[in-house]
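Working notes, structure below.
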Protein chains: 2
Amino acid sequence: MPTSALPPNARERQKRERRLALIEAAQRLVGERGLDDVTVDEISSEAGLSTRTFFNYFDSKDDAVLGIQEIELDADVRAQFVAGGPSGRLMTDLEALVAGFLTNAAPNIEQGERAMRLMVAEPRLVQRHIAWHQRVIGELDELLAERRKARPSPVDDDTIGMVAGLLMRASALAWARSGYEGDAAAHLPEAVAQLRLLLDD
Amino acid sequence: MPTSALPPNARERQKRERRLALIEAAQRLVGERGLDDVTVDEISSEAGLSTRTFFNYFDSKDDAVLGIQEIELDADVRAQFVAGGPSGRLMTDLEALVAGFLTNAAPNIEQGERAMRLMVAEPRLVQRHIAWHQRVIGELDELLAERRKARPSPVDDDTIGMVAGLLMRASALAWARSGYEGDAAAHLPEAVAQLRLLLDD
DNA sequence: ACTGCAACTTGCACTCACTGCAAGAATAAT
DNA sequence: ATTATTCTTGCAGTGAGTGCAAGTTGCAGT
């Protein structure tokens, strides 16, 4: 048995393929011509699908270019955080949680890299990317409420959420700065270190 | 001479009035019916202006609801930061800089408060608000480049920029949490304290 | 294989945000 | 009073995004 990522189901397989085709077409066309000179119609027909179907897969053109998807946290990472672990120190545990999100963020390194490159040329995409982080981090609120029972903290949810979002983006940027070595999660410690450096100036 | 905020110029006065009328109409209607059930046409005619003119004043519907404007940093705050001051410690000076932005952020407390309230009901507005912070903070890059000559720092621009953005939002949230006491800038120290609390868990 | 079922795709018609342009009105400058 | 400038407005257009209803396609049970 090779990997759990291969669905035997034909429906699921097509879904993945179509999704991937849309992202691929979107990234290629936007890379060539720029975000505002590519229409959803073009992306769709490039991927061999109808425009209407495009919007069954993505909420917006920007989302397709970024390859945005729902990402789910590993159940054990989640459970450990809620229980007040793994280390018991909030910042350290938050780092573990963010790492959990980041490793599931992109199914595909190249796709993520292309997205990062396009963001340099198209600031609008950065906004959408940050908005996506926000949505992902939204799940954090429930987790924090749970965790507080096991291990209270004087830091409010808003601040924790914003720092989590910052770490996501900082990791992605550090990853880009490194010339895309490894994956984004690998640069999380660097992001945390920079943040500490600034705070302790 | 009463204050520098009163332009003798009729053009400038009308500009302010129209801008304000648009914001007022946008906030009221969106508050009543929600962001997606109000059209730009309605906002415009409510303000007694054409739809086309609306877009001479704002880039988007969301911007009008938030009352987004260009904000400029006081020249002396700017000069001091670039020179490596006022305290010489980066984080402290960054705080002063963010305070400089925040005090010029809204010409009008009530307008800012209404915007904050609408953001609770309309998450899309939060995104736009963050995006606006990003744009404001964009100016920081030049300032940092200058400041590095006077006082180098091991912290990279990206991290500094993100922290500045975080402080803006954190201050606004703390302001809201306080029941809108004073202005947002008054809650900056609280925001910084929370951040430090988390980092030093 | 046949049938009924559910999921998915697609075309169609529609709303609305937003833009460029050119003409006209208001204001400022001379 | 006349000219120049700035701003508003209407118009026509592009394109994102949505709801709906009709087809297609894969799936399950028989």
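Computed from heavy atoms alone, side chains included, the values below leave out hydrogens, waters and symmetry copies. Just so it is clear: chains get the letters A, B, ... in the order the sequence lines come, proteins before strands, and each one is counted from 1.
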OG1/A:Thr103 to CG/A:Asp183 distance, rounded to the nearest 0.5 angstrom? 7.5 Å
Salt bridge or not between B:Glu113 and B:Arg117? Use side-chain N to carboxylate O under 4.0 Å. yes
Is a salt bridge present between A:Asp93 and A:Arg151, judged by a nitrogen-to-oxygen distance below 4.0 Å? no
With a cut-off of less than 4.0 Å, is there a side-chain N or O of B:Gln14 near OP1 or OP2 of C:dT27? yes
N/O (side chain, B:Asn9) to phosphate O (OP1/OP2, C:dT27) under 4.0 Å: no
If you write DNA chain D from 5' to 3' in dot-bracket form, with Watson-Crick or G-U pairs under 3.5 Å, [ ] for crossing pairs and | for pairs with another strand, what do you get? ||||||||||||||||||||||||||.|||
Out of [options], whichever nucleotide has its closest atom nearest the side chain of [X]:
| X | options | answer |
| --- | --- | --- |
| B:Ser60 | C:dT10, C:dC18, D:dG17 | C:dC18 |
| A:Val40 | D:dG26, D:dA16, C:dT10 | D:dA16 |
| B:Arg52 | C:dC12, D:dA16, D:dT9 | D:dT9 |
| A:Ala10 | C:dA17, D:dC27, D:dG10 | D:dC27 |

Would you say that A:Glu139 contacts A:Ile71 through its side chain, given a criterion of any heavy-atom pair below 4.5 Å between the two side chains? no
Could you tell me which non-hydrogen atom of A:Phe58 sits nearest to which non-hydrogen atom of A:Ile68, and how far apart they are? CE2-O, 3.7 Å
Base versus backbone protein contacts along nucleotides 2-8 of chain C [heavy-atom cut-off under 4.0 Å; B, S, -]: ----BBS
For the side chain of B:Gln69 and the backbone of B:Ala105, is there at least one donor-acceptor N/O pair under 3.5 Å apart? yes
A:Glu190 side chain to A:His187 backbone, donor-acceptor under 3.5 Å: no
A:Glu70, CD atom: more than 12 neighbouring heavy atoms under 6.0 Å: no
